[in-house]
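What follows is a short report on a single structure.
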Amino acid sequence: MGKEPEAFLPLSQATYYILLSLREVRHGYAIMQDVEEVSKGEVTMGPGTLYGALSKLEKQKVVEKAQVQDDDRRKYYQLTELGKEVLQLEYKRLKSLVENSSEIIQQMEGN
């Protein structure tokens with residue numbers, strides 16, 4: 001039996017953005033570009049970091065290689081059903097953190 005989606009949480013910032021990038025099938029370089037764009041430059045990663053993370057996520061069955069007709073040279077990746085669940089759970093976890101603490105942080109800033 002595989003891991004429950006909750007067992008993967010919390011995700012690192014880089015892993016969260018990698019999974020978010022895989023909202024569509026992408027190859028490694030496109031993932032790196034998308035992560036930088038979506039994170040507004042907060043997260044940049046080199047090939048070693050990216051492919052290390054993808055390898056780990058693939059072993060955990062969170063992502064899988066995708067078949068793309070036109071390109072034999074590049075490796076393409078996509079989210080598995082487990083990966084989609086993990087991403088959605090992490091989003092809800094982060095959203096809850098912000099919502100639950102928002103009023104307190106605003107009060108602290110006002111002082």
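- Here Leu87 pairs with Tyr16, Leu19, Leu20, Leu79 under the side-chain contact (heavy atoms from CB on, under 4.5 Å) rule; sequence neighbours left out.
- Residue pairs that meet the ring-ring contact (aromatic ring centres under 6.0 Å, His included) test with at least one member in residues 83-106, sequence neighbours left out, do not exist here.
- Residues that satisfy the salt bridge (Lys or Arg N to Asp or Glu O under 4.0 Å) test with Glu103, not counting sequence neighbours, are absent from this structure.
- Within the 3.5 Å criterion, the main-chain N or O of Val35 finds a donor-acceptor partner in the side chain of Ser39.
- Residues that satisfy the salt bridge (Lys or Arg N to Asp or Glu O under 4.0 Å) test with Glu42, not counting sequence neighbours, are absent from this structure.
- One hydrophobic cluster, built from ILVMFWY side chains closer than 4.5 Å, holds both Val38 and Met32.
- Between Gln33 atom CD and Glu37 atom CD the span is 8.5 Å, to the nearest 0.5 Å.
- Of all heavy-atom pairs spanning Thr80 and Lys61, the tightest one is OG1-O, 2.7 Å.
- Shown here are the side-chain contact (heavy atoms from CB on, under 4.5 Å) partners of Lys75, two or more places apart in sequence or in another chain: Lys65, Tyr77.
- Counting only residues at least two apart or in different chains, ring-ring contact (aromatic ring centres under 6.0 Å, His included) contacts with residues 20-40 comprise His27-Tyr76.
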Could you list the donor-acceptor pairs under 3.5 angstrom formed by side chains in residues 43-56, with sequence neighbours left out?
none

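- Taking CE from Met108 and CD1 from Ile105, the interatomic distance works out to 5.0 Å, rounded to the nearest 0.5 Å.
- Applying the salt bridge (Lys or Arg N to Asp or Glu O under 4.0 Å) test to Lys40 and every residue at least two apart in sequence or in another chain returns nothing.
- Within the structure, salt bridge (charged side-chain N to carboxylate O under 4.0 Å, His left out) pairs that include any residue of residues 23-32 comprise Arg23-Asp34, Glu24-Arg26, Arg26-Asp34 (at least two apart or interchain).
- Taking the side-chain hydrogen bond (donor to acceptor under 3.5 Å, both in side chains) definition, one finds that Gln60 meets it with nothing, sequence neighbours left out.
- With sequence neighbours excluded, the residues satisfying side-chain contact (heavy atoms from CB on, under 4.5 Å) with Glu6 are Glu4, Leu89.
- Annotation: side-chain hydrogen bond (donor to acceptor under 3.5 Å, both in side chains) contacts of Gln88 (sequence neighbours excluded): none.
- Of all heavy-atom pairs spanning Pro5 and Glu85, the tightest one is CG-OE1, 3.2 Å.
- The structure places CG of Leu57 at 12.5 Å from CD of Glu64, a figure rounded to the nearest 0.5 Å.
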